[in-house]
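Just below is one structure, and these are the notes that go with it.
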Protein chains: 2
Amino acid sequence: MVKNSKEAGAEQRILEAAKKVFMHKGLSGARMQDIADEAGINKAMLHYYFRSKDKLFEVIFKEAASNLFPKMVAIISEDISLFDKIRKFTREYLEIVIENPYLPLFVLNEINKQPANFHAKMFGAKPPDFSLLVKQIDSEVKKGIIKPISPVHLVMNMMSMCVFPFISKPMLQIVMHVDDLQFRYLMEQRKTEIANFIIDSIKK
Amino acid sequence: MVKNSKEAGAEQRILEAAKKVFMHKGLSGARMQDIADEAGINKAMLHYYFRSKDKLFEVIFKEAASNLFPKMVAIISEDISLFDKIRKFTREYLEIVIENPYLPLFVLNEINKQPANFHAKMFGAKPPDFSLLVKQIDSEVKKGIIKPISPVHLVMNMMSMCVFPFISKPMLQIVMHVDDLQFRYLMEQRKTEIANFIIDSIKK
DNA sequence: ATCTTTGTTAACCAAATGGTTAAATTTAAT
DNA sequence: ATTAAATTTAACCATTTGGTTAACAAAGAT
């Protein structure tokens with residue numbers, strides 16, 4: 001009855017292995033044999049289930065990106081106050097990235113290597129759109145609730161502080177003398193820290 | 001009399017070509033033939049001047065990193081007020097990255113792929129050390145000049161806001177509807193914008 | 001039970017790729 | 001001018017790598 005492998009079906013095992021290998025080595029750095037080994041199956045199986053390396057990569061990449069963007073857009077589209085939105089966005093985004101620390105670098109890398117294809121392939125008709133948030137910020141500035149600030153800069157700042165520490169973890173660890181445990185703790189703190197930092201800056 | 005190529009010596013041309021190709025495609029994505037073509041010379045020349053692909057890459061990488069880190073350390077080691085230091089760091093760092101927009105992603109990528117080798121290979125005995133800045137921040141907090149904030153978070157925030165926009169440029173352009181010219185202008189603004197944003201947040 | 005479809009494997013293949021070599025060309029030294 | 005050293009090139013080589021094939025095994029259908 002032990003079908004073919006440890007537990008899950010072959011296809012699932014391949015996907016998990018591919019994710020792991022692609023995330024760490026990138027498209028060009030990954031070897032089909034690495035993925036097969038990681039999945040504990042024959043290399044030909046990769047081509048049996050997914051026709052080619054590129055096809056397999058596309059599956060992994062789409063799943064990765066669909067893990068990042070929709071959530072983002074959902075939060076910024078909610079009808080809540082700006083401060084609450086900032087708090088919610090930074091908290092929930094941190095939670096996602098803490099669970100998938102390699103995701104951002106992986107996605108950003110491939111976007112940078114294929115800026116053309118990416119846009120169309122990734123989110124065909126409806127790309128993530130931050131203009132709602134931008135309008136909300138503009139509105140709050142005009143109403144005099146927050147200090148004057150360019151919405152684009154504010155959004156950039158927010159996203160930067162959420163994502164960058166994970167991308168630069170090894171470097172940060174060196175220059176800031178932080179070990180893995182401390183890093184984990186710091187990221188936990190940032191779930192509230194970032195929002196406080198931003199709000200302190202823009203509130204009147 | 002036309003020595004061997006357009007103008008510079010072969011070695012220099014190789015270095016420029018290698019930099020360009022490695023920056024865009026990474027170590028594993030770059031092909032020696034690509035570099036040779038880009039430099040307009042025979043592939044064997046690459047091995048004549050630099051023994052192997054790895055050796056050539058190491059030269060490029062070290063030059064890239066040595067372009068990023070020492071400047072960073074120099075500024076944070078200066079004996080000036082915290083606010084001035086924040087202003088100077090963000091401005092000068094932005095200037096470096098504006099001139100070398102692909103540098104950060106390139107360096108961070110390779111650090112992430114070789115965390116072990118990197119540390120030793122990159123800055124042997126004296127790694128960049130931010131503890132001076134950390135102490136200065138701690139001191140200003142205790143003296144009551146700025147609000148209480150964890151120095152590590154503050155430094156992370158500052159670096160994030162400087163570097164991340166360049167790493168995520170293609171994504172930002174999509175979600176924020178920004179073209180190349182606007183992006184360039186935004187980055188110019190950030191030379192002062194980031195410091196203001198930080199100082200507004202931490203000043204009392 | 002037999003046949004058919006699906007899943008799996010080892011062996012193989014062609015192209016790509018990093019690297020080498022030996023000859024040719026250029027430059028510099030005597 | 002002659003010789004020696006440095007530079008450059010085309011042809012080659014060995015390995016790696018994505019991908020294919022044909023045989024085999026397992027499962028389902030009849």
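Below, all heavy atoms of this structure are taken into account, side chains as well, without hydrogens, waters or symmetry copies.
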Q) Has A/Tyr49 got a side-chain N or O lying under 4.0 Å from the OP1 or OP2 atom of C/dT8? A) yes

Q) Quick one: which of D/dG19, C/dG19, D/dT9 gets closest to the side chain of B/Ser52? A) C/dG19

**Q.** Between C/dT26 (C1') and B/Met45 (CE): distance, integer Å
**A.** 12 Å

(Q) Counting only side-chain heavy atoms from C-beta out, which of C/dG18, C/dA10, D/dT9 sits nearest to B/Lys53? (A) C/dG18

Q. What integer distance in Å separates B/Asp54:CG from C/dG19:C1'?
A. 12 Å

Q.
Categorize B/Ala30 for me: base, sugar-phosphate, or nothing, with a 4.0 angstrom heavy-atom threshold over every strand shown.
A. sugar-phosphate

Q: Please state how far atom CG in A/Asp37 lies from atom P in C/dT9, giving the value in whole angstrom units.
A: 12 Å

Q: Measure up the A/Phe183 and A/Phe166 rings against each other and bin them: parallel (under 30°), tilted (30 to 60°), perpendicular (over 60°).
A: perpendicular

**Q.** A/Ser201 (side chain) donor-acceptor with B/Phe197 (main chain) under 3.5 angstrom
**A.** yes

Q. When you match A/Leu27 and B/Glu11 each to their closest nucleotide on DNA chain D, which lands nearer the 5' end?
A. B/Glu11

Q.
In whole Å, I'd like the distance from the CZ atom of B/Arg31 to the C1' atom of C/dA16.
A. 8 Å

Q: Answer yes if the side chains of A/Glu63 and A/Asn67 hold a donor-acceptor pair under 3.5 Å, and no otherwise.
A: no

Q: Would you tell me if any nitrogen or oxygen in the side chain of A/Arg51 comes within less than 4.0 Å of OP1 or OP2 on D/dG19?
A: no

(Q) Need to verify one output field. Residue with the more 5' nearest nucleotide on DNA chain D, A/Ala44 or A/Met32? (A) A/Met32

Q: Let me know the distance between CG of A/Asn42 and C1' of D/dA25, rounded to the nearest Å.
A: 14 Å

Q.
Can you measure A/Gln33 atom CD to D/dG19 atom P for me and round it to whole angstrom units?
A. 13 Å

(Q) I'd like to know if A/Lys20 and A/Glu16 make a salt bridge, using a cut-off of under 4.0 Å between side-chain N and carboxylate O. (A) no

Q.
Given the structure, check if the side chain of B/Lys43 and the base of C/dG19 hold any donor-acceptor pair shorter than 3.5 Å.
A. yes

Q. Quick one: A/Tyr48 OH to D/dC24 P, roughly how many Å, whole number?
A. 18 Å

**Q.** Proximity to the side chain of A/His47 - top-ranked nucleotide from C/dT9, D/dG19, D/dT9
**A.** D/dG19

Q: Inspect the contact between B/Asp180 and B/Lys169 and indicate whether a charged nitrogen and a carboxylate oxygen are less than 4.0 angstrom apart.
A: yes

Q: Send over the distance from B/Ile41 CD1 to D/dT7 P, rounded to a whole Å.
A: 13 Å

